[in-house]
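First the structure, in the form of structure tokens, and then the observations on it.
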Amino acid sequence: MKNLIVHAKRLLAAALLAPALVLASAEGPQLDKAPLSKDPENLKRGATIFVTTCMACHSASFMRYNKLTEIGFTEAEIKEKLLPPDKKVGDLMTIAMRPQDAKKWFGGVAPPDLTLVTRQRNSELGSGADWVYTYLRTFYRDPTRPNGWNNVVFPGAGMPHVFWELQGEQTAKITKHPDGTESIELVLSKPGSMSAQEYDKMVADVVSFMQWMGEPIAEKRKSIGIWVMIYLAVFFALAYALKKAYWKDVH
């Protein structure tokens, strides 16, 4: 009996410490808030950059090209600006690169599918959109890496900085603190073709499209949810009135 009590106390202590352990596991780089947009022009710009740049290596295999008509593209624009020669408008947004080749070229890890990345990267630190937005803005030169680049949000990332000509090159100033932790400050060492504000806006458009792509019916779901809550409120009021009418003689 005594052993059971001791065991129960240990389980209780573990349960009480669990929230602290979760918070400790959430430690990581600070994420910047992604300035998401629902404006069709911004989404179309983000989609164009995503298809013409990101899809050189990454697929979006849970999305079809014709779905992009929901953010303002016409099928003619999709065929003209976005569609590869071997694809049809109703095809999935996959790429020609084979996974086995991708693993060979990218150090044993194939570039992930990006359809749901803004949902998969949600954490205590911020939303998945915040993660992608910060990630695409925190690449820096690192000669120790095979591709010459590293990232603050995802240290050791195998992905090179595909937008470096637009953003420019950043170098990292690493500061070691007395408690053993390190902080990284990024300094622009070589300007790109865009200003910092222009680059951040471009990245925000790409992330806005990726956020939409992760759940295209999000706005419809929210509007339906409002009507469902209104229905439940009215139903509750009617049910409560009916209950009072049935039980008034009993009381």
Side-chain angles (χ1 to χ4, degrees), residues 19 21-39 42-43 45-51 53-63 71 93 95 102 106-107 109-142 145 147 149-164 166-170 172 174 181-186 188 192 194 196-219 221-222:
L21 294 174
V22 170
L23 291 175
S25 67
E27 291 181 358
Q30 182 178 353
L31 300 180
D32 297 328
K33 185 68 177 176
L36 298 177
S37 172
K38 298 175 185 176
D39 182 85
N42 293 337
L43 293 176
R45 183 191 185 209
T48 302
I49 296 169
F50 179 86
V51 172
T53 304
C54 303
M55 286 188 65
C57 300
H58 297 274
S59 61
S61 59
F62 297 99
M63 177 63 59
I71 59 173
M93 294 173 65
I95 59 175
F106 291 94
V109 180
D113 185 282
L114 295 182
T115 316
L116 304 175
V117 66
T118 57
R119 298 175 66 180
Q120 295 167 333
R121 288 290 182 178
N122 287 327
S123 70
E124 297 88 345
L125 298 172
S127 70
D130 297 339
W131 190 95
V132 178
Y133 178 70
T134 310
Y135 172 74
L136 291 176
R137 294 163 51 253
T138 55
F139 277 94
Y140 62 92
R141 277 294 184 186
D142 185 351
R145 297 293 303 156
N147 59 28
W149 295 97
N150 210 330
N151 191 276
V152 174
V153 175
F154 192 178
M159 173 180 163
H161 188 12
V162 295
F163 296 127
W164 73 270
L166 304 178
Q167 184 187 25
E169 296 185 16
Q170 299 183 120
I174 301 176
T181 61
E182 294 182 347
S183 60
I184 299 178
E185 178 185 357
L186 297 182
L188 185 65
M194 288 183 172
Q197 294 76 16
E198 290 171 336
Y199 181 75
D200 288 351
K201 176 63 170 61
M202 184 212 72
V203 171
D205 289 344
V206 174
V207 176
S208 295
F209 168 71
M210 294 172 72
Q211 177 78 358
W212 172 85
M213 180 171 60
E215 191 178 4
I217 64 168
E219 294 305 311
R221 172 178 57 77
K222 292 175 184 177

Handout entry: Val153, Asn122, Leu125 screened by side chain to side chain contact (heavy atoms under 4.5 Å, CB included) with Trp131, the one that passes
Key =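 Single side chain to side chain contact (heavy atoms under 4.5 Å, CB included) partner of Trp131 among Val153, Asn122, Leu125: Val153.
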Problem - Residues in side-chain hydrogen bond (donor to acceptor under 3.5 Å, both in side chains) contact with Arg119, at least two apart in sequence or another chain - result: none
Practice task
Apply side-chain contact (heavy atoms from CB on, under 4.5 Å) to Phe154 and Thr138, showing your working.
Solution key: CA-CA 9 Å; Phe154 192 178; Thr138 55; over 6 Å; no
Practice task
Taking the side chain as every heavy atom from C-beta outward, state whether Leu136 and Met159 have any pair of such atoms under 4.5 Å apart.
Solution key: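 The answer is yes; the side chains approach within 4.5 Å.
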Problem - Gln120, CD: over 12 other non-hydrogen atoms inside 6.0 angstrom - result: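 Buried by this count: over 12 neighbours within 6.0 Å.
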For residues 203-214, dump all side-chain donor-acceptor pairs below 3.5 Å to protein atoms at least two apart in sequence or in another chain.
unit_1 : atom_1 : unit_2 : atom_2 : d
Asp205 : OD1    : Lys201 : NZ     : 3.0
Asp205 : OD2    : Arg45  : NH1    : 2.8
Asp205 : OD2    : Lys201 : NZ     : 3.0
Ser208 : OG     : Ser37  : N      : 2.9
Ser208 : OG     : Ala204 : O      : 2.7
Gln211 : OE1    : Thr118 : OG1    : 3.4

Quick one: does [X]'s side chain have a donor or acceptor within less than 3.5 Å of a partner on [Y]'s backbone?
| X | Y | result |
| --- | --- | --- |
| Asp130 | Ala34 | yes |
| Thr134 | Asp32 | yes |
| Gln170 | Phe139 | yes |
| Glu169 | Trp164 | no |
| Asn150 | Tyr140 | no |

Please find the pair of heavy atoms, one from [X] and one from [Y], that lie closest to each other, and give the distance.
| X | Y | result |
| --- | --- | --- |
| Ser61 | Thr115 | N-OG1, 3.3 Å |
| Asn147 | Pro160 | ND2-N, 3.6 Å |
| Met194 | Met202 | CE-SD, 4.0 Å |
| Leu186 | Arg137 | CD1-O, 4.4 Å |
| Pro112 | His58 | O-ND1, 2.8 Å |
| Ile71 | Ala47 | CD1-CB, 4.1 Å |

I need the [X] [atom1] to [Y] [atom2] distance, nearest 0.5 Å.
| X | Y | atom1 | atom2 | value |
| --- | --- | --- | --- | --- |
| Leu114 | Met63 | CG | CE | 12.0 Å |
| Ile184 | Asn151 | CD1 | CG | 9.0 Å |
| Tyr199 | Leu166 | OH | CG | 7.0 Å |

Exercise for the section: Sequence neighbours left out, what passes salt bridge (Lys or Arg N to Asp or Glu O under 4.0 Å) with Glu198? Give chain and number order. Expected result: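 By the salt bridge (Lys or Arg N to Asp or Glu O under 4.0 Å) rule, Glu198 matches no residue at all.
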Problem - Tyr135 six-ring face occupied by Arg121 cation (under 6.0 Å, within 45°) - result: no
